[in-house]
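Input: a single structure, listed below in C-alpha cells.
On a predicted model such as this, the values are computed, not experimentally measured, just so you know.
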Amino acid sequence: MQIGYTSGVYDLFHIGHLNLLKNAKGLCDKLIVGVSVDKLVEYKNKRSVIPFEERLEIVRNIKYVDAAIPQESLDKYEMWEKLHFDILFVGDDWYNSASWKDMEEKFSKVGVKVMYFPYTKGTSSTILNETLRKIRQKS
C-alpha cells in the first residue's frame with residue numbers, strides 16, 4: 001500500500017486545492033493531508049480567513065482525502081517520522097530550491113519519493129483574498 005502525504009493551509013478552498021488532492025490521490029492508495037494550524041499560518045505574518053477547525057473539517061470531507069490531520073510544524077521529515085508515508089506531494093514553487101534539494105536528499109535515504117505538482121494557474125487563496133479586499137474597498 002502506497003501512502004501519500006501533502007499539507008497546506010487550505011484557506012478559501014478552491015479548485016487548485018481540489019486539483020492537488022485529486023491528483024495526489026490518483027498516485028497513492030491512502031492520502032493523508034496535513035492542514036496548517038492557525039499558529040503555523042502566522043509564521044508568514046498571515047492570518048487565515050477560515051479558522052483551523054473549519055478548514056480541517058472541509059479537507060476531511062473531500063472524497064480524495066483518507067485522513068486530515070493538524071500540521072503544527074513545517075518540518076515534513078518530522079511528519080514522516082510519525083506517519084511513514086511513501087510519497088510526499090509538494091507544490092512546484094519549491095522545485096529546485098536549496099531547502100527542498102536538501103529535503104529530497106534526506107527523503108531519498110528513507111525511500112520517500114517527492115512529487116511536485118504545478119499550481120493551478122490563475123487561482124490561489126492569495127489572489128482570492130486580494131480580490132475580496134478590492135471589492136470590499138469599493139463598497
Side-chain angles (χ1 to χ4, degrees):
M1 174 183 285
Q2 291 280 305
I3 299 172
Y5 178 77
T6 191
S7 61
V9 179
Y10 301 102
D11 198 22
L12 299 175
F13 196 90
H14 54 74
I15 194 68
H17 294 136
L18 189 61
N19 287 341
L20 171 85
L21 299 175
K22 181 179 181 179
N23 292 332
K25 178 60 178 177
L27 296 169
C28 63
D29 300 304
K30 181 177 183 178
L31 180 61
I32 303 171
V33 179
V35 178
S36 299
V37 297
D38 290 334
K39 189 169 189 96
L40 187 60
V41 176
E42 292 170 7
Y43 86 96
K44 290 183 174 178
N45 293 322
K46 291 186 175 185
R47 199 173 136 248
S48 60
V49 174
I50 301 182
F52 166 73
E53 291 79 13
E54 292 179 24
R55 291 183 285 113
L56 183 66
E57 191 63 21
I58 290 166
V59 172
R60 190 173 274 151
N61 282 283
I62 302 298
K63 70 179 181 178
Y64 307 110
V65 175
D66 295 296
I69 60 175
Q71 174 185 239
E72 297 175 342
S73 166
L74 292 176
D75 189 336
K76 307 292 189 237
Y77 196 83
E78 183 181 303
M79 192 58 84
W80 175 83
E81 291 176 320
K82 294 177 186 176
L83 302 173
H84 296 283
F85 49 80
D86 303 292
I87 309 169
L88 174 62
F89 301 104
V90 183
D92 68 355
D93 55 331
W94 294 104
Y95 185 70
N96 270 338
S97 69
S99 62
W100 273 92
K101 283 183 181 185
D102 293 342
M103 190 64 70
E104 281 184 57
E105 189 175 312
K106 197 172 185 179
F107 276 123
S108 72
K109 291 177 181 172
V110 293
V112 172
K113 183 175 183 176
V114 178
M115 294 194 71
Y116 294 92
F117 283 151
Y119 272 79
T120 302
K121 295 199 184 324
T123 304
S124 74
S125 297
T126 301
I127 291 170
L128 291 173
N129 272 317
E130 288 170 3
T131 303
L132 287 171
R133 198 173 297 115
K134 288 175 187 173
I135 290 170
R136 289 176 181 141
Q137 287 173 348
K138 290 178 182 177
S139 301

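With sequence neighbours excluded, the residues forming a side chain to side chain contact (heavy atoms under 4.5 Å, CB included) with Lys76 are Tyr5, Ser7, Gln71, Leu88, Trp100, Phe107, listed by chain and number. Ser73 pairs by the side chain to side chain contact (heavy atoms under 4.5 Å, CB included) definition with Asp75, Glu78, not counting sequence neighbours. Remark: Ile58 pairs with Phe13 by the side chain to side chain contact (heavy atoms under 4.5 Å, CB included) rule, at least two apart or across chains. Partners of Glu53 according to the side chain to side chain contact (heavy atoms under 4.5 Å, CB included) rule, which considers only residues two or more places apart in sequence or in another chain, are Pro51. Taking the side chain to side chain donor-acceptor pair (under 3.5 Å) definition, one finds that Glu57 meets it with Asn61, sequence neighbours left out.
Closest of all the heavy-atom pairs between Leu31 and Leu21 is CD2-O, 3.6 Å. Of all non-hydrogen atoms in Cys28 and Ile87, the two that sit nearest each other are CB-CD1, 4.4 Å.
At distances below 3.5 Å, not a single donor-acceptor pair connects side-chain atoms of Ser36 with backbone N or O atoms of Val41. Formation of a donor-acceptor pair under 3.5 Å by the Arg60 side chain with backbone atoms of Ala68 is found in this model. Asp66 contributes no side-chain N or O that, together with a main-chain N or O of Ile32, makes up a donor-acceptor pair within less than 3.5 Å. Arg55 places no side-chain N or O within donor-acceptor distance of the main-chain N or O of Tyr10, the cut-off being under 3.5 Å.
Within a 6.0 Å radius of CD in Glu81, other residues, nucleotides and ligands contribute more than 12 heavy atoms.
Applying the salt bridge (charged side-chain N to carboxylate O under 4.0 Å, His left out) test to pairs two or more places apart or on separate chains, none has a residue in residues 12-21.
Using a 4.5 Å heavy-atom threshold, the side chains of Val114 and Lys106 count as separate. Between Phe52 and Leu40 the shortest side-chain heavy-atom distance does not fall below 4.5 Å. Between Met79 and Ile69 the shortest side-chain heavy-atom distance falls below 4.5 Å. At least one side-chain heavy atom of Tyr64 sits less than 4.5 Å from a side-chain heavy atom of Leu18.
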